[in-house]
S.K.: 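Here it is, the structure in full.
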Number of protein chains: 2
Amino acid sequence: MLSIVKKLERPSRLSAIDWEIGALDMIAEQGVGAVAVESLARRLGVTKGSFYWHFATREALLKAALERWERDDEQNVLGPVEPIADPRERLRELFRRTSREIKSHVIYSALMGALEHAQVAPLMRRVGQRRMDFLTIAYRQAGMERSQAVHRARLAYSAYVGFLQLSLQLIVPRMDHAQYESYVEHTIASLIPD
Amino acid sequence: MLSIVKKLERPSRLSAIDWEIGALDMIAEQGVGAVAVESLARRLGVTKGSFYWHFATREALLKAALERWERDDEQNVLGPVEPIADPRERLRELFRRTSREIKSHVIYSALMGALEHAQVAPLMRRVGQRRMDFLTIAYRQAGMERSQAVHRARLAYSAYVGFLQLSLQLIVPRMDHAQYESYVEHTIASLIPD
DNA sequence: CGCTGTCAATACGCGCGCGTATGGAAAGTG
DNA sequence: CACTTTCCATACGCGCGCGTATTGACAGCG
């Protein structure tokens, strides 16, 4: 009975996956720099001794966590809207879904603030390239000329990155729900041709 | 004669200002985290002993350097275009000047990647507020409705922040000069009403 | 020309976070 | 119920960067 309670608090014994998820949580909340093995261990209710059984080094954990995020992110963000046939509708839906602040975007933003890490930069280049390609193709299909489509994709992606940074880091005052919705519709109207 | 040569290499004796400028250089090149007193001392050709005569602590140097940047930035970025009467022209000129990658923007981008520092966050909020106000006013004067002007200002500022991040950190492939000019004109056309 | 104030070098202590070593507990296995 | 495997705790060493203490060099001034 006591053991059952304890099991609800914490799986009593951890796997590598638990550490990876914990690392991603810390990244989302306090950035990559906050992923320290001892603090993360405290968070999970164990000590370092556990960590170094599952991972050889802190970098190995980071690697595993980032790979996990990259997989999840790909099928959380672009995946759901990819099947939409109409390019404008596909873009609108992407914008709206993105605006509903999924955790993946919070982590993305945190990672943008940690590009000095050797692990993070190439990852973000891959993700950026995929998203830029996705946007460019959609804009082309929507009738824009090649160079214009590339420019617009870059502009839209810049607006995405900048907005995340400004909002999540509270550089700019927080909007209420109605304002937020209104802003999203404004960007859709401004960045998607009609 | 030898002394003259040495004086050209380095002012032979430093002032607090030299350290502040050195700190800003390091921030621009490698981020806030790279501002370490010993490495910065090496860069200036002296040792720690010098630093702690000019500053009580590393935080004090950061504070001074950031204040210096905030002053310079204000009169480098918004200052020159503020007198332009026509709001659209004022915005266009701001966009074009901003695109000519002044050092101030490089530092701005580096600081955006260091918001976890207690010193940086409030500074960036102040700077962000000033720029958002500037943009909002210009858009209103250009004839946009209140809420639309705020939205557009936010969108433009997001695009600015995101573009800096993506370009400077090489997340997105580098453009050649012609492409770059073309992109700037595309954003001007997309974000400034006619 | 000596004295004082300014800037710098050297040596040291300290805290923090990574990684190691080693022993112990709990869960599966025959 | 032995015995092995899996997971975890404790204690320790180490490097790095901040900050301090102390002494030294050099310029300007009286």
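Note that the coordinates shown come from a computational prediction; the quantities given were computed from them, not determined experimentally. Throughout, a chain's letter reflects where its sequence line sits, starting with A, and its residues are numbered from 1.
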S.K.: Atom CH2 of Trp53(B) and atom C1' of dT6(C): how far apart are they, to the nearest Å?
M.R.: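 Between C1' of dT6(C) and CH2 of Trp53(B): 5 Å.
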
S.K.: A cation-pi test, strictly: NZ or CZ of Arg146(A) under 6.0 Å from the centre of the six-membered ring of Tyr139(A) and no more than 45 degrees from its axis. Yes or no?
M.R.: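 Negative - Arg146(A) is either too far from the ring of Tyr139(A) or too far off its axis.
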
S.K.: What is the separation between atom OH on Tyr52(B) and atom C1' on dT23(D), rounded to the nearest whole Å?
M.R.: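 Atom-to-atom, Tyr52(B) to dT23(D), this comes out as 19 Å.
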
S.K.: Start at the 5' end of DNA chain C and walk down; is the nucleotide closest to Gly49(A) or to Val37(A) reached first?
M.R.: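 The answer here is Val37(A).
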
S.K.: Parallel under 30°, tilted from 30 to 60°, perpendicular over 60°: which one fits the rings of Tyr157(B) and Tyr108(B)?
M.R.: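 The rings of Tyr157(B) and Tyr108(B) stand perpendicular, inter-plane angle above 60°.
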
S.K.: For a quick check under 3.5 Å, do Ser15(A) and His54(A) share a side-chain donor-acceptor pair by atom type?
M.R.: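 There is no such pair (donor and acceptor under 3.5 Å, judged by atom type) between the side chains of Ser15(A) and His54(A).
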
S.K.: Using a 6.0 Å cut-off, check whether atom CD of Glu145(A) has over 12 heavy atoms from anything other than its own residue.
M.R.: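 Atom CD in Glu145(A) is not packed in, count stays at 12 or less.
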
S.K.: Considering only dC7(D), dG17(D), dT20(D), which nucleotide approaches the side chain of Ala36(B) most closely?
M.R.: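 The listed nucleotide nearest to Ala36(B)'s side chain is dG17(D).
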
S.K.: When rounded to the nearest 0.5 angstrom, what is the spacing between CD1 in Ile107(A) and CD in Glu70(A)?
M.R.: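 Reported to 0.5 Å precision, the distance equals 12.5 Å.
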
S.K.: Is it true that Ser104(B) and Asp73(B) share a donor-acceptor pair across their side chains at a distance under 3.5 Å?
M.R.: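 Looking only at side-chain atoms, Ser104(B) and Asp73(B) do form a donor-acceptor pair, the distance falling under 3.5 Å.
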
S.K.: Among dT6(C), dT6(D), dA9(C), which nucleotide sits nearest the side chain of Val46(B)?
M.R.: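 Closest of the options to the side chain of Val46(B): dA9(C).
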
S.K.: Would you kindly give the CE-to-C1' distance between Met26(A) and dG17(C), to the nearest whole Å?
M.R.: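 After rounding, the reported distance stands at 14 Å.
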
S.K.: Starting at the 5' end of DNA chain C and moving along, which residue's nearest nucleotide shows up first, Phe51(B) or Arg42(A)?
M.R.: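 Its nearest nucleotide being more 5', the pick is Phe51(B).
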
S.K.: Mind calculating the distance between CH2 (Trp19(A)) and P (dC18(C)) to the nearest angstrom?
M.R.: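 Going from Trp19(A) (CH2) to dC18(C) (P), I get 11 Å.
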
S.K.: Of the options dA9(C), dT6(C), dT10(D), whose atoms approach the side-chain atoms of Thr47(A) most closely?
M.R.: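 So the nucleotide nearest the side chain must be dT10(D).
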
S.K.: Within residues 54-68 of chain A, find the residues that approach DNA chain D with a heavy atom at under 4.0 Å, and present them sorted by residue number.
M.R.: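 Contacting residues: His54(A).
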
S.K.: Taking the side chain of Glu38(A) as heavy atoms from C-beta outward, which of dT20(D), dG17(C), dA9(C) is closest to it?
M.R.: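 So the nucleotide nearest the side chain must be dG17(C).
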
